[in-house]
Amino acid sequence: MKSNFLRYVLMLVFVAKSLFSFAEEGMLIPSLIAAFESDMKAKGMKLSASDIYSVNSTSMKDAILQFGGGCTAELVSSQGLLLTNHHCGYGQIQSHSSLEHDYLKNGFWAKNKSDELTNPGLTAMRIVRIDDVTKDVLMGASSKSDQAVIAANIKKLCAAAIVGTHYEAEIKAFNYGNDYYLMLKEVFLDVRFVGTPPNSIGKFGGDTDNWVWPRHTGDFSVFRIYAGKDNKPAAYSPDNVPYTPLHYLPISFQNRQEGDFTMVYGFPGQTEQHVVSSYLKFIIEKERPARIHMRDLSLAVIDEGMKKSDLTRIQYSAKQANIANAWKKWIGQIEGLKNLQAVQLKLDEEKAYKEMALSKPEWTRYAEVVNKLNALVEKDQQIEFKYALGAEYFSYGPEYFKLVRGMEDLVTNYAKYAENGELAKVIEKMKTSAEGFFKNFNSDVDLHIFIDQTKAYLDYTEQWKEITKDVKYSVANEWFLNYVKGMAMEIYANSIFTNQERYMAFLSSFSEKSIKKLNKDLGYTHFYQYFQSFRNETVPAYRTFQTSVNNLMQVYVEGKYTMFPDKKHWPDANSTLRITYGQLEGSAPTDGMRYTEHTTLDGIIAKYNTGNPDFDLLPRMVELHAAKNYGPYAQGDDLWVCFTGSNHTTGGNSGSPVLDKNGYLMGLNFDRSWESTMSDYLFDSNRCRNIVVDIRYVLWVMDIYSDAKHLVDEMTLMKE
Ligand code: ARG
Ligand code: GLU
């Protein structure tokens, strides 16, 4: 009897759980977190708002850093030890790798602090405080779009904020300029590389599994912040010492279960929850498919090259991962938005908005804003299309373009440098950076990217018409292909930008005459023929379009806050520090499918040996698994590898700590599931899940797999 009753209760709980996700939309500003404290506590949190964010004493925020300007990282020891994702440290890992020291393939662990490797240019930034400065920024402005006054106020306020400190200040617009916050920052300049697992752990599953659940990636790498003897940021020096943090995160070393409270603290990059229906339609039907196609072209060439040669594999691994990442996300986004009929949802929302605006006289200023936005997008979307394609071609297309752009400063300022006697120094610097460039450059790969992308770019932007007026010679025609091929042959055989010797020799003998020589170099002239119009026409037109959209969005969003005060509002992500919370939770994204909330080492072994190199393992993994050598890191008989949470995250949240109810580190955020990638536009609590690598797996890889227990010993493990 009793057990039947219990089963019945459990069943009810299960049904209730699968119907009601506790997922919370929104990326909250830490300085305003007190408003959510009671809701977070109701969901299991034991912390107070001031444990999470405080300016009067140390708090969790002091352990959260923006890593290298893009990702998030967290401090986990009193000696400045820093964790982030493997894919966030990938550029550094790769730059320390060579055929002799293949850290990508074998991993790397500094045996002691003197083995830790420096990374010129890498920074880690801590937020000192966040202040609402909306009133001060708008002081004296005739409207919220009075950019001249706003910019002057921002400049003044930033300058005042850093007087007498070693900090930096930045003021950012939130909600399309309805609000402004000042961020005071401490930027550390000496961040050293401590360790990484091999790719077969850190990138296990590769692009096959990227953006996909179930997942088994040990996506972490280890760094350490060094500071001057006064514990303040300092440029690299052998005399620097490990940084002593104000706060570091204890490790959540306990069993976990579905329903546990989770919170993600980090620097999400960009969300666009407010875009209007016509814009979303443009993204789904036109812009994304074209960008996806441009990347299809490059990836086909790069993948082929990487398969053929180990050197090319090492040279292109970071670049390939970078191109493939957004490419795959976009494919998932389009699918998700279509499935959810997002455009129709937007249309419904816009209708309700307009009706509300017409319901009270004081709201009439909102009545036409949606129509205006949609009309503007219809009229000018071609500008954004051209801009997006230019971004693809010039930034992700043929790579020699980067060297051409790098020449611009020398060409423009030649006379000045020659006069100041700075010429030799400038040229030396260019040579050093070119060495780095050519280390990872294969001109045959670049040539084929050039051919495919140039054709597609001239097609999409209709610039082929500048080459031939005759439609019968359009891009589809063989004549055009041969034209592009001929140009490519010439550029890659003779241009100074496609060969290290030619380039270095050109720099070594650089003189006034060299500038004339450039104008006879087809690699150079081809680039500028199209880049000039992109820079001088497309980019300014795009900026004007953006400003007009922004001004309307400001009113549109203000209307949402004013007319729908009971809805939960949150400002779109903008690379500032945010908090999002939910719970450890699986999902049922489509009919008939149910994802469990965690994966284990058994799953790694099951994916191995299936013929796909993305799932290759080194023998050690198989041996440790066979011996079930999990040390103290297992839960029951299993070693958890990853889990999912219902936390609203986006790009930039990579490396973010996922924290338990006590603020202890449960794992590192590194991805979202395929079905959730559309959450940048539309969050759906039933399907949106972030993917986390369990900290216990991270520690197992350090301690047992890699024999780097000294790092685990630096941390504080919380067993209850
Ligand atoms: N999708 C994750 C993010 O957006 C991970 C990317 C790195 N992994 C990869 N296989 N490319 O950054
Ligand atoms: N991998 C992403 C990053 O680099 C996080 C995944 C996401 O977009 O949610 O930030």
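One-based numbering, in listed order, for ligands and for the atoms of each.
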> Decide if atom NZ of Lys661 counts as having more than 12 heavy atoms of other residues, nucleotides or ligands within a radius under 6.0 Å.
no

> Looking only at distances, please establish whether an N/O atom of ligand 2 is found under 3.5 Å from an N/O atom of Lys329.
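No: no nitrogen or oxygen of Lys329 is under 3.5 Å from one in ligand 2.
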
> Taking distance alone, with no angle check, do His87 and ligand 2 share an N/O pair under 3.5 Å?
yes

> Per the salt bridge (Lys or Arg N to Asp or Glu O under 4.0 Å) rule, which among Lys307, Lys308, Arg313 passes with Asp310?
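Option passing the salt bridge (Lys or Arg N to Asp or Glu O under 4.0 Å) with Asp310: Arg313.
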
> Just let me know how Trp211 lines up against ligand 2, side chain, backbone, both or neither, with a heavy-atom cut-off below 4.0 Å.
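For Trp211, only side-chain atoms sit under 4.0 Å from ligand 2.
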
> Got a sec, which residues hit side-chain contact (heavy atoms from CB on, under 4.5 Å) with Pro245, two or more places apart in sequence or on another chain?
Leu75, Tyr243, Tyr248

> For ligand 1, what are the residues with a heavy-atom contact below 4.0 Å?
His87, Gly206, Asp207, Asn210, Trp211, Ala321, Asn325, Ser654, Phe670, Asp671

> Under the disulfide (SG to SG under 2.5 Å) rule, collect the residues that match up with Cys642, sequence neighbours excluded.
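If we apply the disulfide (SG to SG under 2.5 Å) test to Cys642, skipping adjacent residues, there are no hits.
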
> Flag the pair Phe401 / Tyr393 as yes when their ring centroid distance falls below 6.0 Å, and as no otherwise.
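Centroid separation for Phe401 and Tyr393: below 6.0 Å.
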
> Do Cys71 and ligand 2 have an N or O pair less than 3.5 Å apart?
no

> Who pairs with Asp616 by salt bridge (charged side-chain N to carboxylate O under 4.0 Å, His left out), at least two apart in sequence or on another chain?
none

> Given Ser656, Ser654, Ser676, Cys88, identify the one with the heavy atom nearest to atom 2 (C) of ligand 2.
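The nearest heavy atom belongs to Ser654.
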
> In this structure, is the centre-to-centre distance between the rings of His648 and Phe683 below 6.0 Å?
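Here the rings of His648 and Phe683 have centres that are less than 6.0 Å from each other.
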
> Which ligand 2 atoms does Phe670 reach within 4.0 Å, using its non-hydrogen atoms?
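Those of ligand 2 that fall under 4.0 Å from Phe670 are 1 (N), 2 (C), 5 (C), 6 (C).
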
> What is the distance from atom OG of Ser673 to atom OH of Tyr595, rounded to the nearest 0.5 Å?
7.0 Å

> Determine, considering heavy atoms only, which of Asp671, Asn210, Thr677 sits nearest to atom 6 (C) of ligand 2.
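Answer by nearest heavy atom: Asp671.
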
> For Phe670 together with Phe220, are the ring centres under 6.0 Å from each other?
no

